[in-house]
Amino acid sequence: MGSPTSRDNMPSKGSVLLALRHYGRELARLRRVTVPAMLLPALGNIGIFYIAPLVVAKLVGRVAEGGGADLDTMLPYVLAFAAVLLSGEGLWRVGLHCLNRLDARGIEHLYVIGMDELFAKDAAFFHDNFAGSLTKRVLSFASRFEEFVDTLTFSVMGSFVPLLFASVVLWQYEPMLVVGLLALITLTGVCAAPLIRRRQRLVARREEAIARVSGHVADSLMNMDTVRAFAAEDREAAEHKSRVAESRRLTLRSWDYGNLRIDTLVAPLSVLTNVLGLVLAVALGAGEHGVEAIIVTFTYYANATRIMFEFNQIYRRLESSMTEAAQFTELLLQPPTVLDPVAPEPLLTEGADVRFERVNFSHGGGRPLFQGLDLEVPSGSKTGLVGRSGGGKTTLTRLLLRMTDVDGGRILIGGQDISRLRQADLRSRLAYVPQDPAMFHRTLRENIAFARPDATEAEVRRAAEAAHVTEFADALPDGFDTMVGERGVKLSGGQRQRVALARAILRDAPILLLDEATSALDSESEILVQEALWRLMEGRTALVVAHRLSTVATMDQLVVLDRGRIVEQGTHQQLLTSGGAYAKLWKHQSGGFLHDADADAEAGADSAVAAGADIRAHSDLN
């Protein structure tokens, strides 16, 4: 697979500004430590690199003027020199103490902000982004704050504030010294600016390539069983090698550009500054200012040259931190489509009926799936959603959960439009068991209790028993304290479904959404879990998606969906009698032939009702 490096993959100017705004807010929020963290090291630099040389210059000047090198002459200057160095070091220690707290607290808060922003995204966002790439971006968004702040502190404030002090001192000797120095620094900045902007684009491409590497690594590791099953290790390794090579190529390109283009430009200008400093220093020394002026002028110009050489390094560190931060804030420029209302309605706890009214929906703006769909699920009833794959069964459950929003019409629960409720309030009324239950890399107990973290140990245990989790959990080495592995890889598909059912039982919500909740179970386990389901559904509203029709044959009503349309609706016996789409599906699963509809309908109805009765009877006995 190629690794695109077009400008479309680079952070936009808006994302860079947004990242800068986030960092600026952190500096303002932590201003009590921001000010001393940035100012004190700069003052320390003034003492060490500018005041200390000034003291030495004055001492040498005094000696050169005939003051002698005796102890009485030297002692005040030596003491002043030591005091300046000690004071500068003290300012640095206090400044670093504050800087450590600024970095740590800022990173902590940005970690929280980053995850909050991701939690606010809708489901479609995560379908379009690698988990590994998102992980790298959100962590870099926070961690790069340290480099950003340190560069401002040590390189920007630590260089340019002392330069202002140097300008004041040089002005006392000769104003033209300041004019010449600032003119050369300005010339260097003007010449380097377009090259630096060009390098910024190269850095953005480099960071995008690094994000693609991390995304592929995470994708491969999360699907390692599939990689091994298809003997694709060499293919994935080759893809990884290709992406790493692209990252290396772009990294070297950005580094070489800084070294061969920007630094090559700055070097002659910095040499010119040093030469000019030497010439002016000697010229001043020949005049009334003597040796003192020579030492001060040459030292201050040399320090300024160091700043000019650091132009590229300063900008490189700033652009690197801002580019990585902008890789994350670029994701924030596209607002989530599923939002809480500005003035949400309070959630009513009475009524658990569900109604879809004239619902229109299409996936990603493509071909419409639902057009004017109407469906009513009375409170406390059990409704089975059946039909061929792609009919829209799972989509209905996702719309009810507000994983995505309808394009038109509305969905009501207990008479309330779900779009007028807070998402958290809506989902507190729902218990959801997906076809492929997701597990956290946590203990079995934590995975069950995720539905209700405040549940007691006894409540978790009862939910596990009802879902027949204890039958395998108690046999595990660490029991309920067993780590289930990433995405639950240590559990079988049937065991994961039982854990998901235990979550739903513990959730104790009035509305159940079951999407193929027993699809991964063997026949014996399915009978046991069906018992748990019937207990769970008692007195609750249930929407059950099923491909195995026997699992929903005894529901209060069955809804047959085909390409987003309700083609049939009724009880199992009514639909078999009508001989329509449901009857044909039933024949396929029971081994009959399409032309035997009338003969098999009555037998099928009797067997299904009998099976449901047996399950309920078994449940009652237990």
Side-chain angles (χ1 to χ4, degrees), residues 338 340-341 344-361 369-387 391-434 451 501 503-517 533-546 551-561 564-572 574-575 582 612 616:
V338 179
D340 285 336
E345 292 181 2
L347 179 68
L348 303 179
T349 56
E350 296 181 1
D353 58 298
V354 176
R355 293 206 312 274
F356 294 80
E357 294 184 351
R358 309 299 299 168
V359 168
N360 298 325
F361 177 75
L369 176 62
F370 299 132
Q371 290 181 292
L373 181 137
D374 289 305
L375 175 63
E376 183 170 356
V377 182
S379 180
S381 69
K382 304 169 186 62
T383 297
L385 301 176
V386 300
K393 303 181 295 296
T394 297
T395 302
L396 279 181
T397 64
R398 294 181 65 80
L399 289 174
L400 185 55
L401 283 161
R402 277 202 80 198
M403 296 296 186
T404 187
D405 274 335
V406 299
D407 299 329
R410 60 179 186 163
I411 303 173
L412 300 98
I413 290 181
Q416 288 187 285
D417 187 339
I418 64 172
S419 66
R420 298 182 181 276
L421 300 173
R422 291 177 60 248
Q423 295 174 67
D425 289 341
L426 164 66
R427 292 164 190 157
S428 70
R429 302 277 287 166
L430 305 168
Y432 177 51
V433 181
L501 287 170
R503 280 182 189 162
I505 293 170
L506 187 64
R507 182 73 163 176
D508 195 24
I511 300 173
L512 302 175
L513 302 178
L514 308 177
D515 188 355
E516 291 291 333
L533 286 176
W534 280 106
R535 292 195 192 103
L536 181 60
M537 288 188 286
E538 192 66 36
R540 292 179 169 86
T541 305
L543 261 71
V544 183
V545 175
T551 62
V552 293
T554 55
M555 297 282 169
D556 298 321
Q557 69 168 336
L558 301 178
V559 177
V560 184
L561 287 164
R565 295 184 302 110
I566 297 177
V567 294
E568 286 186 304
Q569 189 170 351
T571 65
H572 172 78
Q574 289 170 343
L575 296 180
Y582 180 81
R616 287 197 298 271

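The main-chain N or O of Pro510 is never found under 3.5 Å from a side-chain atom of Arg429 such that the two would form a donor-acceptor pair. The closest donor-acceptor contact from the side chain of Asp340 to the backbone of Gln423 lies under 3.5 Å. In this structure a side-chain-to-backbone donor-acceptor pair under 3.5 Å is present from Lys393 to Gly387. Looking at Arg540, its side chain does come within 3.5 Å of a backbone N or O of Ala509 through a donor-acceptor pair. Checking side-chain atoms of Thr404 against main-chain N and O of Leu399 turns up no donor-acceptor pair under 3.5 Å.
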Worksheet entry | Gln569 and Leu375: CA distance, side-chain angles, deciding distance, side-chain contact (heavy atoms from CB on, under 4.5 Å) verdict | CA-CA 10 Å; Gln569 189 170 351; Leu375 175 63; 3.8 Å; yes
Worksheet item: Between Leu373 and Ile566, is a side-chain contact (heavy atoms from CB on, under 4.5 Å) present by the stated rule, with each step listed?
Response: CA-CA 8 Å; Leu373 181 137; Ile566 297 177; 4.2 Å; yes
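We find the OH-CG distance between Tyr432 and Leu514 to be 10.0 Å, quoted to the nearest 0.5 Å. For the atom pair OG1 of Thr395 and CE of Met403, the computed distance is 12.5 Å after rounding to the nearest 0.5 Å. Atoms OG1 and CG, on Thr397 and Leu512 in that order, are 12.5 Å from each other to the nearest 0.5 Å. Expressed to the nearest 0.5 Å, how far OG1 of Thr383 lies from CG of Leu558 amounts to 8.5 Å. For the atom pair CG (Asp417) and CD (Glu345), the distance works out to 7.5 Å, reported to the nearest 0.5 Å. Put simply, CD on Gln416 and CZ on Arg410 are 11.0 Å apart, with the number rounded to the nearest 0.5 Å.
The shortest distance between side-chain heavy atoms of Leu347 and Ser428 falls below 4.5 Å. By the 4.5 Å heavy-atom criterion applied to side chains, Asp407 and Phe361 are counted as neighbours. At a threshold of 4.5 Å between non-hydrogen side-chain atoms, the residues Ile511 and Val377 do not count as touching. With a 4.5 Å cut-off on side-chain heavy atoms, Leu421 and Ile413 do not count as touching.
Arg565 CZ: 12 or fewer foreign heavy atoms inside a 6.0 Å radius.
Ring-plane geometry between Tyr582 and His572 is classed as perpendicular, the angle between the planes exceeding 60 degrees on a 0 to 90 degree scale with a lower cut at 30.
Remark: of the listed residues Leu412, Asp374, Leu396, Leu396 is the sole one forming a side chain to side chain contact (heavy atoms under 4.5 Å, CB included) with Phe356.
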